[in-house]
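Inspection log for the structure reproduced underneath, given as structure tokens.
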Amino acid sequence: MSSLSLPDTLPGPRRPSPSSVPSLRWGVLGTGWIASRFVASLQASTSQQVAAVGSRTQASAEAFAAAAGIERAHGSADALVGDPDVDVVYIATPHHLHRSGALLAVDAGKHVLVEKPIGVNAVEAQEISAAALAAGVFCMEAMWTLFLPRLDVVRQVLGAGLLGDVRTVLADHGEHFDPPHRILDPAVAGGSLLDLGTYVTTLATWALGPATRVQASGEMTATGVNGQAAMLLTHAGDATSVLHSTLLTRTPTSGTIAGTEATLTLPGPFFMPGDVVVTSADGSRCVTWTDPEPIGHGALFHSALEVARCIGEGRLESPLHPATSVQANLRVLDEVTRQLGITCSPTA
Ligand SMILES: NC(=O)c1ccc[n+]([C@@H]2O[C@H](COP(=O)([O-])OP(=O)(O)OC[C@H]3O[C@@H](n4cnc5c(N)ncnc54)[C@H](OP(=O)(O)O)[C@@H]3O)[C@@H](O)[C@H]2O)c1
């Protein structure tokens with residue numbers, strides 16, 4: 001393929017419209033940072049109903065419900081998953097509690113959307129998806145990037161072979177955090193890897209397939225969590241990804257998927273709404289898809305629409321983010337964890 005075969009425009013995204021999917025009744029477990037943004041995004045951009053919230057304390061549940069206009073507030077996870085007027089539970093607790101929260105919801109017969117990472121390792125991911133499958137309920141990791149319109153443009157560019165033979169992924173995710181943020185706390189499975197690194201490893205395994213080899217180096221923080229990790233992955237056919245995550249410094253957070261004919265770049269933050277730029281390998285042509293959505297967590301609703309679409313179609317997992325892909329990603333993180341000598345936090 002020559003640079004002349006790049007189209008004049010990139011294909012537009014094919015995401016479902018909010019009105020084309022069933023309006024589910026959501027229960028939210030956890031009242032923290034992401035829970036409030038997820039609820040605000042659903043309420044602003046969809047006809048999904050946020051019906052209930054669950055917290056460790058009744059007071060926190062009631063405060064969250066009052067602020068967000070949610071009808072029912074539950075003072076325990078058990079009460080939330082037992083709410084007969086909840087169809088799907090969104091697990092928005094710290095990583096080490098995803099497994100217990102998800103299994104509780106699944107056992108109660110609820111569909112689940114579990115924040116990323118779905119579990120702290122591949123074994124937990126497998127356990128959760130197997131339980132959901134056995135219970136006949138839908139289960140998905142809330143890796144929201146994969147459901148953004150931006151990523152559907154990328155999906156189509158890759159599917160059309162516009163990049164040629166895809167050989168390389170480069171991605172970084174660096175944000176600076178200070179205590180007492182949970183990311184610095186080993187007791188809640190903190191560290192850059194599971195919070196930020198999972199975005200870059202997901203992009204790499206999504207574009208190039210499971211890793212066949214993983215090499216990592218990194219450093220710990222004084223609080224005892226992974227501060228930063230540099231990761232070199234090999235994929236089928238010796239394709240390569242070069243990845244980095246850090247909680248110590250702010251880095252460009254950009255993503256690149258490069259092929260023999262063209263290079264696709266996702267200007268940072270690559271995991272949020274933003275443009276898609278495809279440049280021919282000789283640099284002579286460049287085509288850009290411009291994202292109309294603002295950068296930010298207002299776009300979280302796209303993952304909820306994917307849940308509603310799949311449940312409406314009677315699916316138990318999303319074809320856009322199946323359990324096999326989730327587990328392939330967590331196997332990479334498991335191996336990085338092993339090589340860096342990170343002690344896994346106990347899970348509940
Ligand atoms: N998609 C994204 O962009 C994104 C962004 C940030 C975080 N996340 C993910 O979302 C999850 C939650 O992150 P967050 O930043 O929202 O955390 P957070 O602000 O600390 O909130 C977590 C909530 O979980 C509940 N919880 C239950 N047991 C807890 C415990 N032992 N310690 C602390 N909280 C506990 C708390 O609610 P109650 O007190 O009401 O029980 C708390 O407010 C993480 O897994 C993270 O990876 C995703």
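This structure is a prediction, so every number in the text was calculated from the model and none was measured. If you read the sequence from its start, that first residue is 1, and numbering goes on from there. Whatever order the structure lists ligands and atoms in, that order sets their numbers, starting from 1.
Contact annotation: for Thr57 versus ligand 1, there are no heavy atoms closer than 4.0 Å.
Between atom 2 (C) of ligand 1 and the options Tyr199, Tyr90, Phe64, Phe271, the minimum heavy-atom separation is to Tyr199. Checking Thr93, Val120, Val53, Val188 against atom 25 (C) of ligand 1, the nearest heavy atom belongs to Thr93. If you check each of Ala92, Ala77, Ser55 against atom 23 (C) of ligand 1, the one with the closest non-hydrogen atom is Ala92.
Note: no N/O pair closer than 3.5 Å links Gly54 and ligand 1 by distance alone. Some N or O of Lys116 is nearer than 3.5 Å to an N or O of ligand 1, by distance alone. The shortest N or O to N or O distance between His95 and ligand 1 is below 3.5 Å.
Heavy atoms of other residues, nucleotides or ligands lying less than 6.0 angstrom from CZ of Arg14 number more than 12.
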Point to revise | Test log, rule side chain to side chain donor-acceptor pair (under 3.5 Å), inputs Thr279 and Thr263 | key: CA-CA 5 Å; Thr279 308; Thr263 296; over 6 Å; no
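Aromatic ring pairs are classed by plane angle as parallel below 30°, tilted from 30° to 60° and perpendicular above 60°; the pair Phe177 and His181 is tilted.
Residue pairs meeting the ring-ring contact (aromatic ring centres under 6.0 Å, His included) criterion with at least one member in residues 258-280, sequence neighbours excluded, are His173-Phe271, Tyr199-Phe271.
The protein atom (non-hydrogen) at minimum distance from atom 16 (O) of ligand 1 is Ile34 N, 2.9 Å.
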